[in-house]
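Contents: one structure, followed by commentary.
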Amino acid sequence: MTKITVAKGDGIGPEIMDATLEIILAAGAKIEVEEIEVGEKVYLSGNTSGIAPESWETIRRNKIFLKAPITTPQGGGYKSLNVTTRKFLGLYANVRPCTSLHPFVSTKHPIMDIVIIRENEEDLYAGIEHQQTDEVVQCLKLISRPGCEKIVRYAFEYAKQQNRKKVTCFTKDNIMKQTDGLFHQVFDEIAKEYPEIENEHWIIDIGAAKMADTPEAFDVIVMPNLYGDVLSDVAAQITGSVGLAGSANIGEECSMFEAIHGSAPRRAGQNLANPSGLLQGAIMMLNHIGQTTVAEKVQNAWLKTLEDGIHTYDIFKEGISQQKVGTKEFAKAVIANLGNKPATLKPVSYANNSALNLPKYKRKLPATKELVGVDLFVHWNGTDPDELATKIKTIESNGVELTMITNRGIKVWPDGFKETFCTDHWRCRFKPSKNTTIHKTDIIELLSRGDANQIDIIKTENLYAFDGKAAYSLGQGQ
Ligand code: NAD
């Protein structure tokens, strides 16, 4: 018996959760349910996180969380409970299988069976944003080696367990050579440990276009957080309906399982909603806790029910469907099919699922790190980069010299183009002259001379070489 935390959520949440639990319990799931309240009621009671401290305790104690969608109230100040849960509990892997159910569910892509594995904790979702000048705001894109290693290994282990043939990596490392570059590099390193699984890398833009057009070309796709967020919705939608897809959020200790859709408030309380998305989440949960026989039984019964044409309103289509049913009747039909297998769709078999081998991250020996320069970011309302260079050169000292100025990453000094549009946010790069080195004290000196000369330095970014290799981007056009 595994104790799980359940939140019935808002809108259609309670109806689809009741249907899901009824189905998996009828199939013999050995679970004990501990229910918590999250979502709209909690938000509106004045708790901006949408969850009470004692509910966190329940989630952390039981470690397995099955969650129905919740409504985030309109207006500012309410934090997304999903994002908070993923980060607090270290749920680094988001797994979303997207499979066509042709010819039983209408889709433009009859052959589609992909799994998107999205990094779930870092990237632009670290939420570190600052306004720096009147005209410029920034969001830090953080990509870490442990983050990359964990998600890429998860993708290959998942592919191995599910007997899948290929893992594809999507990044934009032709532009973001450091951040996406690291993700791609780690992908190449870990792929070597799985010679039996094909691997490939696509630049995200053409990769996404290909996925939307020819999804049959892909199997498992792993990607950083933002790309995965966008593309997993696209992938679910083009199978026929977002209402059919579930998602698993996996961490080292805890995990959360859900539908990918929201609380559909307009459909609530009318016995209309399709419980399939949450049921798919619950099936992933059963596999995760080792109840693979029950998971298999439920999945095959669900496939058979869809094949029988017993459809909720969202996928009902005259000529394809046989019977339009409500949430409760759909659940009853799946229960009646327990033990049956689909005839046309491929039945699933989870019996031989091996456990994933996910070793804890081991920190590598540190590289030799050498300070080789510094970027000073300056708020300046002028327009002529030559004028700024003259001003900035007055703070040079100890052989540390201004070598370049960029605006939004584009080199504007020396030898800039007058056509380049400039904002009030300037990056001034300092490097030591020949036969000189730069130290932290030189940066302090630059800052204090800048302050004395009324130069508005808004931040600094140190330039390093790791093991002799420059580890920062060049100016565009440099
Ligand atoms: P939604 O997914 O709730 O609804 C989008 C459309 O899909 C609607 O037309 C809806 O009727 C339909 N739909 C969704 N699920 C369905 C189902 N199971 N059966 C039949 N039809 C279904 O998206 P939305 O309208 O943008 O958001 C509504 C609320 O849900 C918002 O408050 C949003 O913040 C929240 N939301 C929550 C989650 C979550 O908890 N994981 C995810 C997304 C949105």
Inset, instruction - Only pairs at least two apart or in different chains count here, so list each side-chain hydrogen bond (donor to acceptor under 3.5 Å, both in side chains) that has a residue in residues 454-464. - result: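 For residues 454-464, and leaving out neighbouring residues, the side-chain hydrogen bond (donor to acceptor under 3.5 Å, both in side chains) pairs sorted by first residue read Gln138-Lys459, Lys459-Glu461, Asn462-Tyr464.
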
Inset, instruction - Let me see the working for Glu149 and Lys362 under salt bridge (charged side-chain N to carboxylate O under 4.0 Å, His left out), right down to the final yes or no. - result: CA-CA 10 Å; Glu149 285 192 9; Lys362 276 205 207 87; over 6 Å; no

Legend entry - Ring centre gap for Phe187 and Phe156 strictly below 6.0 Å: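 So the answer is yes for these two rings.
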
Inset, instruction - Determine whether the aromatic ring centres of Tyr227 and Phe183 lie less than 6.0 Å apart. - result: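 Judged by ring-centre distance (under 6.0 Å), Tyr227 and Phe183 do not meet the cut-off.
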
Inset, instruction - Pick out which of Ile204, Ile203, Asn199 makes a side chain to side chain contact (heavy atoms under 4.5 Å, CB included) with His201. - result: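 Single pass found, and it is Ile203.
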
Before accepting this row, confirm whether a basic side-chain N of the pair [X]/[Y] lies closer than 4.0 Å to the acidic partner's carboxylate O.
X: Arg164; Y: Asp219; answer: yes
X: Lys431; Y: Glu401; answer: no
X: Lys150; Y: Glu252; answer: yes
X: Glu122; Y: Lys141; answer: no
X: Glu216; Y: Lys210; answer: no
X: Lys165; Y: Glu196; answer: no
X: Arg86; Y: Glu258; answer: yes
X: Lys41; Y: Glu37; answer: yes
X: Lys393; Y: Glu396; answer: yes

Inset, instruction - Supply the atom-to-atom distance Ser232 OG to Ile116 CD1, rounded to the nearest 0.5 angstrom. - result: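 One gets 5.5 Å once the value is rounded to the nearest 0.5 Å.
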
Inset, instruction - Report the C-alpha distance between Glu189 and Arg153 in whole Å, list the side-chain angles of each, state the deciding distance to 0.1 Å, and finish with yes or no for salt bridge (charged side-chain N to carboxylate O under 4.0 Å, His left out). - result: CA-CA 10 Å; Glu189 285 169 20; Arg153 186 166 299 285; over 6 Å; no

Legend entry - Exceeds 12 heavy-atom contacts within 6.0 angstrom, atom OH of Tyr350: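 Counting neighbours around OH of Tyr350, more than 12 heavy atoms of other residues, nucleotides or ligands fall under 6.0 Å, so yes.
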
Legend entry - Under 3.5 Å donor-acceptor, Thr58 side chain and Glu54 backbone: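 Confirmed, Thr58 side chain pairs with Glu54 backbone.
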
Legend entry - N/O donor-acceptor pair under 3.5 Å between Lys87 side chain and Tyr125 backbone: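 Confirmed, Lys87 side chain pairs with Tyr125 backbone.
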
Inset, instruction - Sequence neighbours left out, what passes salt bridge (charged side-chain N to carboxylate O under 4.0 Å, His left out) with Lys440? Give chain and number order. - result: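 For Lys440, no residue satisfies salt bridge (charged side-chain N to carboxylate O under 4.0 Å, His left out) once neighbours in sequence are set aside.
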
Inset, instruction - Output, in order, the C-alpha distance, side-chain angles, deciding distance and verdict of salt bridge (charged side-chain N to carboxylate O under 4.0 Å, His left out) for Arg267 and Glu15. - result: CA-CA 10 Å; Arg267 308 290 180 188; Glu15 296 162 77; over 6 Å; no

